Student: 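Below you will find the structure I want to go over with you.
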2 protein chains.
Amino acid sequence: MAGFGRTIHCMLITAVISFTLGAYYQNYDVLRRLCYVIDDDPYAFHIKDKLYGTVGLLQNLAKHGFLEFSKYLRFFKNNVGRLKANESYSCLPRIMKYGFPGMEDLRVYDDFVVSYDRRNRVARWVYEHLQTSSIFNTVGSRRMAEYKADLGIPSDFRVDTTDYKDSGYDKGHLAASGNHKSKQSHCNDTFYLTNIAPQVGEGFNRGCWQKLEAYVRDLCRRYGSVFVCTGPLYLPRKSDTDRWYVEYEVFGPKAIAVPTHFFKVIIVESKLPGGLPYMEAYVMPNTELDEKTDLRSFLCDIGVVESASDLRKEEKQNQ
Amino acid sequence: MAGFGRTIHCMLITAVISFTLGAYYQNYDVLRRLCYVIDDDPYAFHIKDKLYGTVGLLQNLAKHGFLEFSKYLRFFKNNVGRLKANESYSCLPRIMKYGFPGMEDLRVYDDFVVSYDRRNRVARWVYEHLQTSSIFNTVGSRRMAEYKADLGIPSDFRVDTTDYKDSGYDKGHLAASGNHKSKQSHCNDTFYLTNIAPQVGEGFNRGCWQKLEAYVRDLCRRYGSVFVCTGPLYLPRKSDTDRWYVEYEVFGPKAIAVPTHFFKVIIVESKLPGGLPYMEAYVMPNTELDEKTDLRSFLCDIGVVESASDLRKEEKQNQ
């Protein structure tokens, strides 16, 4: 009888331990697979906190944040191989550190992120993170790069290189190619037509806008880490009849919109430990501007840019 | 020795069984929680197939589809109580049966779904599912309803009732109030200003557009189940200088856009078992139209509507 009692005892203990181990293993497995989904899909990235909430036992591990757990997984990935070959979403946590202005039609490249506006066939916004390594480098050169269509956009909304022909507008970069020199592939990516908008050449793309891009790079040289969000605006103007109208040109068979203005929101990170980032916004009309105009005259309240574009306000982001 | 051997034997069997049970239990738990997340969040709904892929052991169960599993869970939910009181996303699988035209700024009401265009302060599209119960009912009445702002939209992009004052435009319903009569709350929801667009009153909202709405209800009476996607268009027109321009009015301090056209895409489900749904699209200019105009003259290729609006093409949806 003592033997039987001991057997029952041992079985009970084994049952509890094995049950826990089974649950733990399964939980680990789910969390690992969730990480792949989050890594590969911006939608999942957006709701990652909720997703992690679905996993119980290992929740504490997840609480340390996606980044840490992701790093922890890197070893596994590198050694076991990935479920998918595509690594391109791994830049998201770095570039989108200050949150997504929106989640519409994201195109994630290796060194910048684009939200594409299907209706206007121009980006909604382009987000970049400038570091000194990406600027003071001679690896990437725009001489090797060529404009190309992004085949990830459905054909109806996709812009091809031929569409800009005879339009009279420059193929203007939103994420400037000079900001992505650490790899040739990064520089090449800026030539995707999703990152291109029709800009007035003389006096804008080759004038004041270029000066603004140089100013951003200068900020990066001085402070080391700069985030830039660039995009088009379609601002209304008053007609003779005292009513307000939005009016912008569209060209080519795809009806590509010519924005009336362009904006840049700049976030400069402080070099001091714990220092707050500094923000400023610029809005420039897409017309021939006097090159002698002081850049400061294009300074604009960030709230105005947010409200004129469809950038999400922080109040929404935090919900 | 025989007793010891038997003990080891029993322990091994117990260990295997308990480990499996533990894993199974944990898996079931994760799947159950994932269902809550999917039920509560349109983003999660969009990637539900990927999410289910993260769960291993119970994957077969999930393969039977979200709807079935959701039903299976309903018993559990109703008896145990929900994690959140908000039930409003439960209509999504029914209304969005044919997929989302886009995932931008979704507002999910009890009987229709809105994608809100922050930039224009007008919906991008409104999706409804009409059943005979929602039309031939006298519970919901528009006399009891009042126009109201949707406080879920950030204040910068939110339209208030005062904003339409002196604009000269009707507060036109996108999801018609007459389509949502099965509950007073459903009818009230159609008066949220997210479902309202500035429409020319005489000859449009109170003319041809109304006729189109009546025609949709007639289809519903005849076929029992009709899906309708309604939205604004901002179409370009040729100027005197032979270039194309998009031009539309904006009014009020919030700069609410007045669409140049409105579209309705209609999906009529077949009454025959296994019968394919029938689709058609209408596009009407937002101007005073002759009420005698035949509705068929506004028929339009669905591809044209998709390409002129930013509705996602199927090729993208299936990726």
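Since the structure is predicted, the reported quantities are computational estimates derived from the model, not experimental observations. Residue numbering restarts at 1 for every chain, and letters A, B, ... go by the order of the sequence lines.
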Student: Could you tell me whether the side chain of A:Y234 reaches within less than 4.5 Å of the side chain of B:R119, counting heavy atoms only?
Tutor: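 Yes, side chains in contact.
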
Student: Answer with side chain, backbone, both or neither: which region of A:S167 has an atom nearer than 4.5 Å to a non-hydrogen atom of chain B?
Tutor: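 For A:S167, the backbone is the part near chain B, not the side chain.
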
Student: Roughly how far, to the nearest 0.5 Å, is the CZ atom of B:F19 from the CD1 atom of A:I17?
Tutor: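 So the gap between those two atoms works out to 13.0 Å.
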
Student: Drop me the distance from A:R118's CZ to B:R124's CZ, to the nearest 0.5 angstrom.
Tutor: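 Between A:R118 CZ and B:R124 CZ, I get 7.5 Å after rounding to 0.5 Å.
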
Student: Measure the spacing between CE of B:M11 and OG1 of A:T7 and express it to the nearest 0.5 Å.
Tutor: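 Rounded to the nearest 0.5 Å, the CE-OG1 separation comes out at 9.5 Å.
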
Student: I'd like to check the side-chain contact (heavy atoms from CB on, under 4.5 Å) partners of A:V304; sequence neighbours left out, ordered by chain and number.
Tutor: A:C300, A:D301

Student: When only heavy atoms count and the cut-off is under 4.5 Å, which of residues 236-249 of chain B reach chain A?
Tutor: B:P236, B:R243, B:W244, B:Y245, B:V246, B:E247, B:Y248, B:E249

Student: Minimum heavy-atom separation for A:G303 and B:D156, please, with both atom names.
Tutor: O-OD2, 4.1 Å

Student: Can you name the side chain to side chain donor-acceptor pair (under 3.5 Å) partners of B:D163, sequence neighbours left out?
Tutor: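 Listed in chain order: nothing, the list is empty.
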
Student: With rounding to the nearest 0.5 Å, note down the distance linking CD in B:E306 to CZ in A:F157.
Tutor: 7.0 Å

Student: For B:A15, check side-chain contact (heavy atoms from CB on, under 4.5 Å) against everything at least two apart and list the hits.
Tutor: A:T14, A:S18

Student: Where on A:A308 is there a heavy atom nearer than 4.5 Å to chain B: the side chain, the backbone, both, or neither?
Tutor: backbone

